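Computed from a predicted structure; not experimentally measured. Order of the sequence lines sets the chain letters (A, B, ...), proteins ahead of strands, with each chain counted from 1.
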Amino acid sequence: SADLLDDITQAKKIRISTDVAIPPSGMMDSSMKPTGSDVEVAQLLAKDWGLELEFIQTTGATRIPNVLTGKADIIISTLSVTPDRAKVIDFTKRYATLQSDVGCLKSSTVKDWPDLKDKPIGVSRGTTQDTTLSNMKDKDLKISRYDDDATMVTAAVSGQVDCVASSATIINQIGVKNPSRVFESRIPLATFDLAIGLKKGEQRLMDKLNAWITENVKNGKLNAIYKKFHGVELPPDMRS
Amino acid sequence: MQQNPSSSEPIVSLRDVQKSFGPLRVLDGVSFAVERGEVLALIGRSGSGKSTALRCIDRFEKVDGGEIVVCGHRVDRPDVDLRALRQDVGIVFQSYNLFPHLTIEQNITLAPCAVKGMATSQARDLARKVLAQVGLEEKLHAYPEQLSGGQQQRAAIARSLAMQPKVMLFDEVTSALDPELTAEVLKVIEQLAADGMTMVMVTHEMGFAKGIADRIVFMHRGKVHETGPASILTSPATPELTQFVGTGNLKS
Amino acid sequence: MQQNPSSSEPIVSLRDVQKSFGPLRVLDGVSFAVERGEVLALIGRSGSGKSTALRCIDRFEKVDGGEIVVCGHRVDRPDVDLRALRQDVGIVFQSYNLFPHLTIEQNITLAPCAVKGMATSQARDLARKVLAQVGLEEKLHAYPEQLSGGQQQRAAIARSLAMQPKVMLFDEVTSALDPELTAEVLKVIEQLAADGMTMVMVTHEMGFAKGIADRIVFMHRGKVHETGPASILTSPATPELTQFVGTGNLKS
Amino acid sequence: MGGHLNINHLMFLGQGALWTIGLSVIALIGGGIVGFVIALARISPLKSVRIASGVYVQLIQGTPLLVILFLGYFGLAAIGLKVSALAAAGASLTLYVSAYLGEIWRGCIQSVPKPQWEAAEGLALSRTQRMMKVILPQAIRIATPPTVGFMVQIIKNTSLASVVGFVELMRSGQIVNNSLFEPFAIYAIIAVVYFAMCYPLSLFSQKLERRMGRGRSNLAPA
Amino acid sequence: MSLQLDFPAVLERWPNFLAGAALTLELAAFATVLGALFGTLAAVGRGARSPLIAGACKVYVETIRNTPLLVQIFLVYFGLASLGLKFSAFTVAVAALTINVGAYTAEIMRAGFEAIPRGQIEAAEGLALSRLQIYWHIILLPAIEKVYPALTSQFVLLMLASSVCSQISAEELTAVANYIQSDTYRAFETYIIVAVLYVILSLVMRAGFWGLGLVLFPRRRRLGTPL
Ligand SMILES: Nc1ncnc2c1ncn2[C@@H]1O[C@H](COP(=O)(O)OP(=O)(O)OP(=O)(O)O)[C@@H](O)[C@H]1O
Ligand SMILES: Nc1ncnc2c1ncn2[C@@H]1O[C@H](COP(=O)(O)OP(=O)(O)OP(=O)(O)O)[C@@H](O)[C@H]1O
Ligand SMILES: [Mg+2]
Ligand SMILES: [Mg+2]
């Protein structure tokens with residue numbers, strides 16, 4: 001196999017590593033079919049390239065090993081671009097962004113970092129939010145790490161934690177699940193670029209993916225998908 | 001519940017005792033009595049109900065009918081005070097049933113301390129005394145498995161003695177032992193008899209029964225078939241006992 | 001490896017056999033021989049090494065020194081052909097060790113078919129024959145657990161016989177049985193002796209040893225202490241044997 | 001997303017349950033075959049074989065299944081073997097099950113009373129004949145109840161195969177929960193489904209054990 | 001080889017591994033002690049004369065033994081929260097593990113009780129010991145001795161099974177591994193190290209139980225019969 005792109009073309013099939021347990025990027029609809037923003041991005045890509053699409057089900061922790069060990073060709077799974085990750089895999093251009101906040105129960109009095117002292121903050125283990133919070137050693141934070149977003153949201157919905165660090169979309173979801181526990185964003189954490197991840201050294205595939213992203217940002221298709229699931233548009237600097 | 005039995009009353013008495021296991025009638029109207037200081041030997045072929053009769057005396061089996069009185073306890077009644085009964089009765093089984101995780105001393109002191117509330121030091125002295133009675137002083141701190149079968153059986157007898165029972169029951173206490181070990185256990189029992197202990201023993205050792213028993217009870221098919229002094233073994237009245245002592249002689 | 005033993009040579013011979021378990025010297029220079037057609041009884045107190053000596057003959061224990069020859073097989077040598085040896089020797093233990101998952105017939109036919117390649121129908125006839133020898137024809141299709149202890153022991157003897165051994169070893173084959181069952185097993189062995197089978201038997205039944213054995217070997221502390229015809233039991237030469245038969249007589 | 005538990009969710013859970021059963025069967029068959037070899041190796045007359053199989057058992061039994069699955073899934077790929085998730089999970093479960101079944105069966109073989117081995121030896125049967133005709137038939141009887149009992153463990157442990165992307169019962173429950181967020185209700189349903197799969201096996205194993213207990217006490221003293 | 005192994009990059013994080021291993025051991029220790037007590041009580045309860053107590057103990061044992069630990073942990077964790085009770089992840093993990101291992105202990109102990117020969121109990125009855133005294137002096141220790149290997153294996157299994165506590169935010173060894181591997185993207189190396197650590201932990205536990213056995217069973221020690 002000289003080149004991953006050739007392999008994909010030859011197989012007429014692309015294998016995409018996607019976590020379907022992190023709504024609204026990946027989830028199951030009421031008829032238990034995969035849906036979500038990442039799922040639709042993947043479907044769009046496969047359609048444009050005329051390939052059959054295979055989802056490699058993954059969890060947050062196994063997203064990257066899946067492409068490193070050749071079990072999947074690319075990752076489309078709310079993968080934010082960080083320097084650490086860039087040492088291990090290559091990233092395309094961003095295809096979306098993710099606003100991360102610390103969100104708290106509406107009735108809580110948390111306003112800023114000092115108020116968070118001794119309050120457990122729920123977070124998905126190994127996500128960029130986790131890394132960001134873990135690096136704030138000076139702030140004396142208490143972090144409760146869950147295996148995936150779903151468990152974290154469940155913990156928030158059921159009352160195990162009153163604060164979470166996650167995307168704004170997910171923070172807003174909690175109240176929908178349990179009207180007596182409405183969460184709202186209180187402290188902005190960071191904005192991350194989301195990109196497609198792939199194994200290092202696959203330049204031809206990388207070029208082709210970048211071209212595809214550029215085109216679909218321009219024609220508004222990616223923005224439409226984002227708005228459909230996240231309720232807001234992509235940031236202005238990305239749309240222009 | 002316990003009355004002091006007057007010396008004229010028997011220590012153990014069974015009257016018309018009935019006992020079935022399911023459809024099998026094991027005791028079919030058994031009656032006999034044991035006087036204070038008497039040694040009674042229960043003999044009979046395998047399955048004739050000897051062990052069952054013995055176990056009924058200490059209430060390890062409930063009887064279906066009849067009357068059992070032991071040291072004034074009405075053993076056949078459902079409301080008999082079991083723990084009081086068993087302080088008056090010592091029982092030793094064929095499989096010695098020493099507690100394997102306790103030393104011989106602990107085996108002996110356990111019941112006096114736990115049941116009678118005896119002080120540990122006093123119980124230890126007692127253990128030494130009863131072990132001397134069975135000739136095992138030096139095994140005080142050994143564990144059961146370190147003893148030979150005969151020694152284990154003697155220790156089991158000592159353990160019973162430590163509760164100072166009024167009557168002792170023995171169920172074929174030597175049948176798991178070889179001849180030499182048998183001899184040492186029988187010597188201990190002989191000594192107990194000489195000291196005036198009341199005893200009921202199930203045994204296959206005809207020679208021994210002849211030598212030590214004041215009275216023989218021969219059981220056959222759940223009934224007392226023949227009873228009398230040791231001499232009935234040499235001149236049996238019934239053909240069943242004749243046959244029984246006949247086959248028993250094969251062992252010689 | 002196997003030579004046809006000339007009739008003048010003994011079938012079993014032990015010379016200066018040594019065997020230790022760890023620090024414990026169990027056989028300390030044991031020598032005796034068994035002629036064709038002879039019945040030899042091994043007696044001695046518990047732990048004197050009788051079972052060990054017997055097990056050495058069939059190579060269930062490796063000896064540390066000395067020489068054992070059985071039907072021409074040099075049993076002490078590491079290269080002895082075990083399966084050939086065991087076709088010539090039948091052994092029966094105290095615990096009968098019938099295979100519980102097989103019927104009596106299957107127990108008996110297993111070895112002739114598997115080892116000697118006998119045809120099934122022929123093996124079945126053989127089973128019927130040896131069972132008749134021990135008086136158990138009607139139990140052909142029973143499972144071991146359906147038999148009494150004495151019947152199981154006789155079936156175990158029949159199973160050994162089916163291999164048509166040149167010599168049979170018995171290790172206290174009756175000591176787990178009560179007197180009546182003992183009698184039926186001893187009758188079978190008596191019949192075998194009358195038929196001329198060579199036998200070595202460890203036994204506690206002094207009366208039986210006296211009646212059937214051509215020669216007695218009395219073991220004491222891992223040594224052959226006294227040996228001679230059955231009459232040595234009634235007039236022992238050594239004080240140890242005197243004491244041993246003395247205590248043994250308690251059983252009568 | 002959201003909404004109430006509907007027939008699709010239940011179908012999805014049912015599909016997960018089917019995968020749980022499928023994985024269990026694969027694990028039982030694979031683990032059974034390898035476990036049998038392990039059991040024999042553990043009582044081999046060759047010391048080196050005994051030690052090697054002992055180390056194998058210690059290693060596998062000392063590692064959580066989660067970690068074995070992970071190493072099986074990514075480890076095989078890392079050394080260049082392309083395997084499907086099914087093959088990787090099957091291989092990992094086989095390793096795991098074989099170590100436990102091997103030990104269970106070794107115990108059963110060795111619990112056939114020593115006199116039985118000696119009686120078979122005394123009849124001049126060869127080692128293979130002793131094993132096949134005398135020891136194994138008895139060992140199988142002894143081994144059936146604990147083996148059936150261990151199948152319960154297998155069924156429950158396949159829930160960990162979710163880490164390598166298997167949507168079996170546990171994972172399907174998590175996914176349904178992600179769209180409904182009624183953890184207590186959904187996990188209770190999952191618990192009931194597992195119970196429905198496992199309890200009959202437990203009962204069966206207990207029944208076998210009791211029946212055997214009776215049979216065994218009737219056997220000749222050993 | 002499609003993957004280059006780089007152990008030093010992962011081993012750099014040894015303090016995290018160590019903390020995870022320590023928490024795993026701590027979880028196992030608490031759950032072992034509590035589970036042993038709880039399970040023994042349940043085993044005694046199963047033999048109770050009252051059908052209510054015996055039945056309740058049976059339902060408890062069977063329910064736990066026939067559902068996965070992960071489900072039990074979720075039910076305890078989210079169930080307690082739904083009731084408005086908030087405990088630390090550690091407390092919940094210990095509680096769930098205790099409930100779990102208690103059921104297995106109960107089954108094992110029951111087998112131990114049943115393995116005490118009838119004659120032992122009769123001998124004790126013949127010495128006029130009360131029911132409670134018989135349980136305490138005659139049954140308990142010998143029963144534990146009989147099933148000690150099974151018990152210790154169960155507790156080692158419990159330690160390994162505690163890896164699922166990562167799901168409810170207990171930072172034990174597997175949680176640490178997940179965290180480190182998503183941080184370093186060295187999954188394979190991380191899990192090999194973790195596997196080695198688990199093997200070491202299970203050896204440590206077995207050694208500990210061996211030592212405890214020497215203390216608990218003085219007869220074994222004196223007579224030199226290994227368990
Ligand atoms: N717990 C029991 N349940 C059912 N049957 C029993 C029980 N105990 C004894 N039996 C039966 O009762 C009969 C008499 O038994 P018992 O033990 O009293 O005889 P034994 O005279 O002591 O015989 P042995 O000399 O063999 O000890 C036997 O047939 C026995 O099988
Ligand atoms: N496999 C073994 N390992 C260690 N010691 C053993 C072994 N087999 C026997 N012994 C010991 O060797 C000694 C002789 O045992 P053996 O069984 O030969 O005696 P025996 O004369 O047959 O006694 P019994 O009449 O009690 O059967 C005993 O002290 C016994 O404990
Ligand atoms: Mg009896
Ligand atoms: Mg012997």
Next on the checklist: Would you compute the distance between atom CG of D:Asn8 and atom CG of A:Asp29 and round it to the nearest 0.5 angstrom?
Outcome noted: 8.0 Å
Item to check | Beyond-backbone contact of A:Thr154 with D:Phe184, side-chain heavy atoms, under 4.5 angstrom | outcome: no
Checklist entry - Is there a side-chain contact between A:Gln57 and D:Val167 (heavy atoms, below 4.5 Å)? => result yes
Checklist entry - Is it the case that more than 12 heavy atoms not belonging to D:Phe204 sit under 6.0 Å from its CZ atom? => result no
Item to check | Contacting moiety of A:Asp149, where chain D heavy atoms sit under 4.5 Å | outcome: neither
Checklist entry - Is the number of heavy atoms from other residues, nucleotides or ligands within 6.0 Å of NZ (A:Lys106) greater than 12? => result no
Item to check | Approximate separation, where rounding is to 0.5 Å, of A:Met27 CE and D:Ile175 CD1 | outcome: 13.0 Å
Next on the checklist: Less than 4.0 angstrom from a charged side-chain N to a carboxylate O is my criterion; do A:Asp19 and D:Arg171 meet it?
Outcome noted: yes
Next on the checklist: If you count every heavy atom of other residues, nucleotides or ligands that lies below 6.0 Å from A:Lys208 atom NZ, does the total exceed 12?
Outcome noted: yes
